[in-house]
Amino acid sequence: MEIDATLNRIKENTENMNTYMKGKLNIGVTNHFAKYHLPPILRDFQSAYPEIEFNIRSGWGKEISHLINTENIHIGFIRGDYEWAGSKYLLFKDPMCLFSRNEIDLHALPDYPRIDYQTGTVVNSLIESWWSDHYEIAPTIGMVVDSVEACKEMVIKGLGYALLPASMLEGSTDIFRVDLFDRHQTQVDIHTWMYYSEALLDTKIVSEFVDFVKKHNNKTRGVVR
């Protein structure tokens, strides 16, 4: 297995010694990042290097974390902090917020119907931790949906409130929003990282992509996500 990996790396480096770079990038990405953030990065990178082939695998953060820890991908874009011995680069922070069609009395929040959704363990943990910081009784779950997108639409239709990343309803002026803070008055944020191995930076295609993402991210800082 190690010999095969070494031979593949030598082959990749040989193919990429000229300026007209070609080869394959194996990327793992969480579902939210794949939908909202990855396409413009790939579009711009492929515009500069049209011979690059992308192999994209999407899933929950835990799944992408496993893929990069087992060296099944070159680079991982992951929402949340997972165990990783390599390098990681912070792309952005996304505040967690309470969203509702109508204004809500936060003191009576356990009485309001909440819309829950399937998400990764990191977001679930943040939500549960915030709730336990402020309430001693369980929330009233009005419905459970299978995706954050479906949850967003239910909130817009006035079917309940939800605890969602700010980017999901950024710019919505007719939606009640409250940013979440923990018991220490620290804002509850989700971190989105680019995970990569320093050893793989010896491969030109990987090092070029990592540098490209960092530059791309610096250019788009301050843009509404």
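In what follows, every heavy atom counts, from backbone to side chain, and hydrogens, waters and symmetry copies are set aside.
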Item checked: Side-chain touch Ile190/Lys93, heavy atoms, less than 4.5 angstrom -> no
Notebook entry, point to check: Under a 4.5 Å cut-off applied to non-hydrogen side-chain atoms, are Phe92 and Trp193 in contact?
Noted result: no
Check: Looking at Trp60, is Arg79 sitting on its ring face, NZ or CZ under 6.0 Å from the six-membered ring centre and within 45 degrees of the normal?
Finding: no
Check: Stepwise, does the side-chain contact (heavy atoms from CB on, under 4.5 Å) test hold for Arg114 with Ile127?
Finding: CA-CA 12 Å; Arg114 188 167 99 186; Ile127 290 173; 4.0 Å; yes
Check: Under 6.0 Å from the NZ atom of Lys88, do we count more than 12 heavy atoms belonging to anything else shown?
Finding: yes
Next item on the list: Would you check, one step at a time, whether the test side-chain contact (heavy atoms from CB on, under 4.5 Å) holds for Met143 with Leu159?
Entry: CA-CA 9 Å; Met143 69 175 70; Leu159 296 173; 4.0 Å; yes
Check: How far does NE2 of His74 sit from CG of Asn26, to the nearest 0.5 angstrom?
Finding: 5.0 Å
Note to self: Which heavy atom of Ser197 sits nearest to which heavy atom of Trp84, and what is that distance?
What the structure shows: N-CZ2, 3.9 Å
Next item on the list: State, yes or no, whether a side-chain contact exists between Ile156 and Phe99 at a heavy-atom distance under 4.5 Å.
Entry: no
Notebook entry, point to check: What closest approach, in Å, do Ala34 and Ser58 show between heavy atoms, and which atom pair accounts for it?
Noted result: CB-CB, 4.5 Å
Check: Do Lys204 and Phe209 come within less than 4.5 Å of each other through their side chains, counting heavy atoms only?
Finding: no
Check: Any idea which heavy atoms bring Ala162 and Ile115 closest together, and the distance?
Finding: CB-O, 3.7 Å
Item checked: Joint cluster assignment, Tyr49 & Phe212, ILVMFWY side-chain distance < 4.5 Å -> yes
Next item on the list: Taking the side chain as every heavy atom from C-beta outward, state whether Met194 and Tyr196 have any atom pair closer than 4.5 Å.
Entry: yes
Check: Got more than 12 heavy atoms from elsewhere within 6.0 Å of CD, Gln185?
Finding: yes
Margin query: With heavy-atom distances below 4.5 Å as the criterion, would you say the side chains of Thr119 and Val148 are in contact?
Written below: no
Checklist line | Value rounded to 0.5 Å, distance of CG in Leu67 from OH in Tyr195 | finding: 13.5 Å
Check: Under a 4.5 Å cut-off applied to non-hydrogen side-chain atoms, are Pro139 and Leu109 in contact?
Finding: no
Notebook entry, point to check: If you group Ile, Leu, Val, Met, Phe, Trp and Tyr by side-chain heavy-atom gaps below 4.5 Å, do Val144 and Val123 land in one group?
Noted result: no
Check: With a 4.0 Å cut-off, would you call Glu170 and Arg177 a salt bridge?
Finding: yes
Notebook entry, point to check: Out of curiosity, does Phe45 fall in the hydrophobic cluster containing Ile56 (side-chain heavy atoms, cut-off under 4.5 Å, transitive links)?
Noted result: yes
Item checked: Atom pair OG/CD1 of Ser47 and Ile52 - distance to nearest 0.5 Å -> 12.5 Å
Check: Where the side chain of Asp94 meets the backbone of Ser167, is there a donor-acceptor pair that is under 3.5 Å apart?
Finding: yes
Margin query: Under the criterion side chain to side chain donor-acceptor pair (under 3.5 Å), I'd like the reasoning laid out for Gln187 against Asp179: C-alpha separation, chi angles, the key distance, then a yes or no.
Written below: CA-CA 7 Å; Gln187 189 166 41; Asp179 289 6; 3.1 Å; yes
Check: How long is the span from the OH atom in Tyr161 to the OH atom in Tyr112, to the nearest 0.5 Å?
Finding: 10.5 Å
Margin query: Once rounded to the nearest 0.5 Å, what's the spacing between atom NZ of Lys214 and atom CG of Asn217?
Written below: 10.5 Å
Margin query: Tell me if the NE2 atom of His66 is crowded by more than 12 foreign heavy atoms within 6.0 Å.
Written below: no
Next item on the list: Working to the nearest 0.5 Å, report the span between CG of Leu106 and CD1 of Ile104.
Entry: 7.5 Å
Item checked: Candidates Val206, Thr203, Asn55 - the one meeting side-chain contact (heavy atoms from CB on, under 4.5 Å) with Leu25 -> Val206
Next item on the list: Please report the C-alpha distance between Asn102 and Ser100 in whole Å, then the side-chain angles of each, then the deciding distance to 0.1 Å, and finally whether the side chain to side chain donor-acceptor pair (under 3.5 Å) criterion is met.
Entry: CA-CA 5 Å; Asn102 302 304; Ser100 174; 5.6 Å; no
Notebook entry, point to check: Within a strict 4.5 Å, meaning less than it, do heavy atoms of the His37 and His32 side chains meet?
Noted result: yes
Next item on the list: Provide the closest heavy-atom pair for Glu83 versus Asn69 in the form atom of the first, atom of the second, distance.
Entry: O-ND2, 3.1 Å
Margin query: Quick check: is Val213 connected to Phe54 through a chain of hydrophobic side chains (ILVMFWY, heavy atoms under 4.5 Å apart)?
Written below: yes
Check: Would Val188 and Trp131 show up in the same hydrophobic cluster when neighbours are defined by side-chain heavy atoms closer than 4.5 Å?
Finding: yes
